[in-house]
Amino acid sequence: MQQAFLQTINQHQGIIHKVCRIYCNNQDDHNDLFQEITLQLWKAFPSFRSEAKISTWMYRIALNTAISGIRKKKIQTTALENINFQPVDFNDTSTEDNMLLLYKAIAYLSDVEKSIVLLYLEDKPYDEIAEITGITANYVAVKMNRIKEKLRTLLKTVQ
Amino acid sequence: MIELDDLKNIWSSNIEHDIGKQTLEKENIKALLRHKSVSIIDKLRRNLLLEIAMFFVCLLLIAGVPFYFKSKEIAIICIVVILFTFVPYLFYYIKKYKELQRFFSYHENIKSNLELLIVQLEKYLNIYFWGSLLLTPISGFLSGYAILYELKALGFLLYFDMFNSGTLSIILSFALLLTLLSYPIMKWYIRKFYGQYLEKLKDCFKELQEIE
């Protein structure tokens with residue numbers, strides 16, 4: 001079973017990294033969360049049914065771990081005014097700057113909002129987001145509108 | 001103006017490259033499985049195990065008290081304490097430990113997981129709070145008795161009757177005072193170590209409820 005698990009994680013580890021990227025601000029936290037998610041997936045693996053979608057199962061466990069986990073180190077929340085935001089031209093090829101801006105904006109969202117945004121960015125349909133979060137698809141849409149508004153305000157402030 | 005769709009485009013065109021640098025080999029993933037989990041349930045389970053061990057040590061110590069004092073009355077008190085507090089509590093703790101061992105809520109959706117975790121954590125904090133609060137008067141009573149007994153054995157308090165109602169009242173008052181003092185300390189301790197975390201879980205859960 002361990003081989004099957006390692007094979008699955010190896011193939012889909014991108015999901016875990018993405019969750020860690022959204023919830024962690026530094027490499028140490030990233031590594032700790034990656035380890036914790038892997039351990040929880042391993043614990044849950046025997047009850048995983050192959051008819052279920054692997055990515056949904058992984059997102060559910062990874063996001064649950066990220067949201068309800070105790071971080072060893074307190075997440076550094078930098079004051080908004082201290083962030084060195086640069087006006088971003090999205091046609092610009094400076095992709096690293098764009099990603100940095102995205103991460104910085106996401107850092108201001110709540111843990112629940114982060115999970116919804118991540119699934120949205122991953123192009124998951126509202127039904128699947130609803131399945132993972134436990135709220136209805138209609139409310140996912142409501143929540144997404146609020147998050148969009150929040151991000152819009154945030155980005156307007158920094159541009 | 002930047003829209004979320006712009007951010008989505010940035011994400012989809014860059015994330016694979018961004019996380020690609022972090023990719024782990026199978027052997028590294030396998031090594032991770034040897035580590036200890038730091039999830040709240042695993043933490044509670046370990047704490048409960050530690051408390052069971054401490055309870056067991058206390059039980060042995062109390063069982064040894066009558067042999068030390070060689071007093072029939074003290075032996076009766078110790079037996080009553082063991083039978084009516086330690087043994088039931090020990091069984092209860094072991095039952096809760098087994099429950100926590102089986103508990104795994106991460107395969108639920110986020111909302112259900114939060115709800116289950118909140119219930120478990122509140123349940124555990126209640127057990128911990130009342131268990132500790134119950135032990136305080138017992139340990140206060142027994143240590144009060146032990147101190148008086150020792151003082152008498154050393155030649156002090158020669159005219160002090162160990163088992164009259166006056167002595168019992170003093171020791172009971174001492175035990176009660178200890179309990180009253182430990183109440184806010186226990187509250188503070190639980191709040192400091194788990195309270196903030198519980199609040200965080202409740203906030204997340206409320207956030208998911210709020211939109212309904």
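Letters go in sequence order (proteins before strands), and every chain restarts at 1.
Contact of A/Q35 with chain B is made through backbone and side chain together, with heavy-atom distances under 4.5 Å. Residue contact with chain A, scored on non-hydrogen atoms closer than 4.5 Å, involves the backbone and the side chain of B/T23 alike. Only the side chain of B/E16 comes within contact range of chain A, with heavy atoms under 4.5 Å apart. Only the side chain of A/Y103 comes within contact range of chain B, with heavy atoms under 4.5 Å apart. Heavy-atom distances place the side chain of A/Q2, and not its backbone, under 4.5 Å from chain B. For chain A, the nearby part of B/L117 is the side chain; its heavy atoms alone come within less than 4.5 Å. If you measure heavy-atom distances from A/I22 to chain B, the contacts under 4.5 Å come from the side chain alone. With a 4.5 angstrom heavy-atom cutoff, B/I29 touches chain A via backbone and side-chain atoms both. In this structure, the portions of B/I15 lying under 4.5 Å from any heavy atom of chain A include both its backbone and its side chain. Only the side chain of B/D42 comes within contact range of chain A, with heavy atoms under 4.5 Å apart. Both the backbone and the side chain of A/D123 come within contact range of chain B, each with at least one heavy atom under 4.5 Å from a heavy atom of that chain.
Among A/L39, A/T38, A/I9, A/I61, the residue making the largest number of heavy-atom pairs under 4.5 Å with chain B is A/L39. Ranking A/T133, A/T56, A/N10 against chain B, the residue ahead of the rest is A/T133, based on heavy-atom pairs under 4.5 Å. The candidate with the highest count of non-hydrogen atom pairs below 4.5 Å against chain A, out of B/L24, B/I110, B/I41, is B/I110.
Side-chain contact of B/S37 with A/Q40: a donor-acceptor pair under 3.5 Å is present, judged by distance alone. A donor-acceptor contact closer than 3.5 angstrom links the side chains of A/N31 and A/Q27. In this model, no donor atom of one side chain and acceptor atom of the other lie less than 3.5 Å apart for B/Y183 and B/T136. Side chains of B/W11 and A/E122: a donor on one and an acceptor on the other come within 3.5 Å.
Remark: side-chain polar atoms of B/Y128 are not paired, donor with acceptor, to backbone N or O of B/L48 under 3.5 angstrom. Remark: side-chain polar atoms of A/R60 are paired, donor with acceptor, to backbone N or O of B/H107 under 3.5 angstrom. Looking only at distances, a side-chain donor or acceptor of A/E36 sits under 3.5 Å from a matching main-chain atom of B/V38.
For the pair A/F5 and B/L33, the minimum side-chain heavy-atom distance is below 4.5 Å.
Within 6.0 Å of atom NZ in A/K43, more than 12 heavy atoms from other residues, nucleotides or ligands are found, so the atom counts as buried in its surroundings.
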